[in-house]
2 protein chains.
Amino acid sequence: MEEIRDTKVSEGAPVSRRVRISDLADALGLTKSTVSRALNNYSDIAPETRRRVAEMAAKMGYAPMPYAQAVRTGRVRALGLVLEIDAPDRYGPFLAEFLGGITQEASLEGWTLTVASSSSREEMEATVTRLLQEHKVDGFILPRTRVADHRVDFLRAKHVPFVLYGRTGYGGPEHGLSWFDVDGGQAMRAAVLRLAGLGHRRIGFVGYAEEYNFALLRRDGYREGLAEAGLPLDPSLERLGVINRADGMRATEELLDLPDPPTAIVFSTDMTALGAYDAARARGITIGRDLSVIGYDGIPDGRMIDPPLTSFAVDSRQAGERLAALLIAQLRGAPAENLRELVEARLQPGGSDGPPVTT
Amino acid sequence: MEEIRDTKVSEGAPVSRRVRISDLADALGLTKSTVSRALNNYSDIAPETRRRVAEMAAKMGYAPMPYAQAVRTGRVRALGLVLEIDAPDRYGPFLAEFLGGITQEASLEGWTLTVASSSSREEMEATVTRLLQEHKVDGFILPRTRVADHRVDFLRAKHVPFVLYGRTGYGGPEHGLSWFDVDGGQAMRAAVLRLAGLGHRRIGFVGYAEEYNFALLRRDGYREGLAEAGLPLDPSLERLGVINRADGMRATEELLDLPDPPTAIVFSTDMTALGAYDAARARGITIGRDLSVIGYDGIPDGRMIDPPLTSFAVDSRQAGERLAALLIAQLRGAPAENLRELVEARLQPGGSDGPPVTT
DNA sequence: TTTCGCACCGAAACCAGTTTCGGCTTTACG
DNA sequence: CGTAAAGCCGAAACTGGTTTCGGTGCGAAA
């Protein structure tokens, strides 16, 4: 019983009839159960049949409806992302790139991204619970990892797959977490070595809130760089808890007011490094000559300012892409402990660092 | 034997069995069809029965699975947002707020947000088509409305509900579009009147790319302000197509280099207004005294700079909330032509505007 | 008393798929 | 040549809901 069901005839029609799996089955002279198993790579389907089904599916433009599959399988091919709305620096300019990366990669694999937001821990848990209860997502991407992250505990307790943007303080591989990260520590180390190579001997460090794991990793990188360059570690040259541009200006002033001030400062974020420009202007000194500055993130503002900020650029789009890929792999059954990636930040030289002025 | 596919993880039964509609029916001594109709407010259910069902549903914590409903109804209670990744200014700092607003409002109503991205018109159409074909979303939110917006044509042809952030150039109510907008024209008008009130007689205008509808609306508001203040319209004081900070600096310099330069400039975006600071610094004049500046958007950087930028602040969170509410209302059956909202920007006084210097 | 209509609910079909189970052919092997 | 084991596919159950259809009981009108 062939039924030539012609689809999408007149484009003027409101909606052309979708191709369903039963249409495919009819066209092939098979039952829909066989077609379903063929499409899902069951082993009890003859290779030749599998090929015919795949061919006809492509020809007829068949695409399964995710929610109809979900009724049985419980999986909807959707990634979840919970934004923390009241985070200190509000994600800055990275968010668009990051989202673009996730959605592009997800789209390639036929997945989608569902975004939610929360402004407190309770709300986050309620939101996640609802998304899971309604089966709106299959797994989560967690940005802005903290040293001790309650989200990790929460999702593990619920046995929900997830990937982290950034490592936690939970320790090594034994915890079976899946993550992607940019090696900020390595970048800080390279920044120190670069400055030391230029002749600087007193190099300061301005870091982020130590609640976030990356802040600690970057500080450690700074210390490693000092050690490697054979420079002493002076605690008075380290500042933590510096979040925004105004903080960065204050921290810079404090460092410059020291009895034996640094001639160069490494900032763990560009936003705070811009504060150094404000401080320099306020006291009439020149960035890149009187004070060398290196930042991290590669924000657009850093390239606009004069002199352009030397920085280690993070590719947020790449981060989004890889996180999506890692989560999808995990949802397809890959063991989480194999899904880890660490990439390096890219040095983006500007004019904010140079040899120290010799007095 | 078995499949080559993903191995299904052994469910350790961490989550207690969901409450299904049949569980509810059993507990009530009714059939699931009756329960379903009761929950969906069918008229052939006795009020007393409806009450009992609602009560028991609350007690047992029943929540329907959206995708199971969708198999029959075709609606998944999800809003769609397509970000244009390669937009000129990359959304700036608004995106997080905007997303927060959408998702918070959607969440209250039991809806979710699905985000996709595209870097070209073709990709956008492919993405939208896929989301619709897979029934992953019920309607769309379109940010960054253009004068002639192909997205509008595209979605209308497909008979898909959507709301716009910003009005189009398509004209009035007869087009049956649903939108939310902040009255930038009104703000520009108020800015001009404020400056005129301070004594300024030559007031320049620096606008965005005229491809975007809001750019034209704001320029018109500027012109209205001039007319209302009894000031002549001088085309040489108008600049359009100014997108970023560097552009803003250039535009400011051009205006200041005029034979009869303005003493005040209204910028249609804060980002470009910051360029005026750069220009002022370059030629050693002081913003707020030698040159008055008023911006629009209310970005954080504007409050950090010295002197703080006087600006008309836009509440992106509110925009997201209202757009979500409007779209949900439309999806629930409200006629699109009644779903329109125009709100005013909030004046945020800084130190960047003052009386002109009397020579 | 009969008839009609209405309010209310159950039975069953339906949506678009997935998965289990069983049976009919082949093929392999003794 | 007989039998067991694969290989391959169809039939039917199943997922969690919604919606159509039909039937019962009861009150009101004729």
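Proteins get letters first, then strands, A, B, ... in listed order; numbering begins at 1 in each.
At whole-Å resolution of the value, CD in A/E48 and C1' in D/dG7 are 15 Å apart. Rounded to whole angstrom, the span from the CG atom of A/N40 across to the C1' atom of C/dT20 amounts to 15 Å. With rounding to whole Å, A/Y42 atom OH is found 8 Å from C/dT18 atom P. The CE atom of B/M65 sits 16 Å away from the C1' atom of C/dC15 (whole-angstrom rounding). Note: CZ (B/R75) to P (D/dG17) measures 17 Å, nearest angstrom. The interatomic distance linking A/L24 (CG) with C/dT18 (P) rounds to 11 Å, in whole Å. Atom pair B/L39:CG and D/dT19:P shows a separation of 12 Å (rounding to whole Å applied). The distance between atom CZ of B/R51 and atom P of C/dC9, rounded to the nearest whole Å, is 13 Å.
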Could you run down the sub-3.5 Å N/O contacts of the protein with nucleotides 6-8 of chain C?
none

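When only modelled atom types and interatomic distance are considered, B/Q69 and B/T73 share no side-chain donor-acceptor pair under 3.5 Å. Between the side chains of B/K136 and A/T112, a donor-acceptor pair is found at a separation under 3.5 Å. A donor-acceptor contact under 3.5 angstrom links the side chains of A/S119 and A/E123, judged on distance only.
The distance from the CZ atom of A/R151 to the CG atom of A/L142 is 5.0 Å, given to the nearest 0.5 Å. Going from atom CD of B/Q104 over to atom CD1 of B/I102 covers 11.5 Å, rounded to the nearest 0.5 Å.
Each salt bridge (Lys or Arg N to Asp or Glu O under 4.0 Å) pair with one or both residues in residues 65-80 of chain B, not counting sequence neighbours, would appear here, but there are none.
Residue whose closest nucleotide on DNA chain C sits further toward the 5' end, between B/R50 and B/V71: B/R50. For A/S33 and B/Q69, each mapped to the nucleotide of DNA chain D holding its nearest heavy atom, the one lying further toward the 5' end belongs to A/S33.
For B/Y67, no side-chain nitrogen or oxygen approaches OP1 or OP2 of D/dG17 to under 4.0 Å. Regarding contacts with the backbone of C/dG17, a side-chain N or O of A/R18 is found under 4.0 angstrom from either OP1 or OP2. The side chain of A/S36 contributes an N or O atom lying less than 4.0 Å from OP1 or OP2 of C/dT18. Distances shorter than 4.0 Å separate none of the side-chain N or O atoms of A/T31 from OP1 or OP2 on D/dA11.
Residue B/L30 has its side chain nearest to C/dG10 when only C/dG17, C/dG10, D/dG10 are considered.
Interface remark: the A/R72 side chain does not form any donor-acceptor pair with the D/dT15 base, using a distance-only criterion of under 3.5 Å. For a distance-only test at 3.5 Å, the side chain of A/R37 fails to qualify as a donor-acceptor partner of the base of C/dG17.
Put simply, the side chain of B/H159 gets close to the backbone of B/A157: a donor and an acceptor are under 3.5 Å apart.
No salt bridge links B/E48 with B/R52; every basic N to acidic carboxylate O contact stays at or beyond 4.0 Å. Between A/E55 and A/K59 no salt bridge is recorded (no basic side-chain N to carboxylate O distance below 4.0 Å).
Between B/F98 and B/Y165, the two ring planes are parallel [angle under 30°; tilted spans 30° to 60°].
Using a 4.0 Å cutoff on non-hydrogen atoms, no part of residues 126-134 of chain A comes near DNA chain C.
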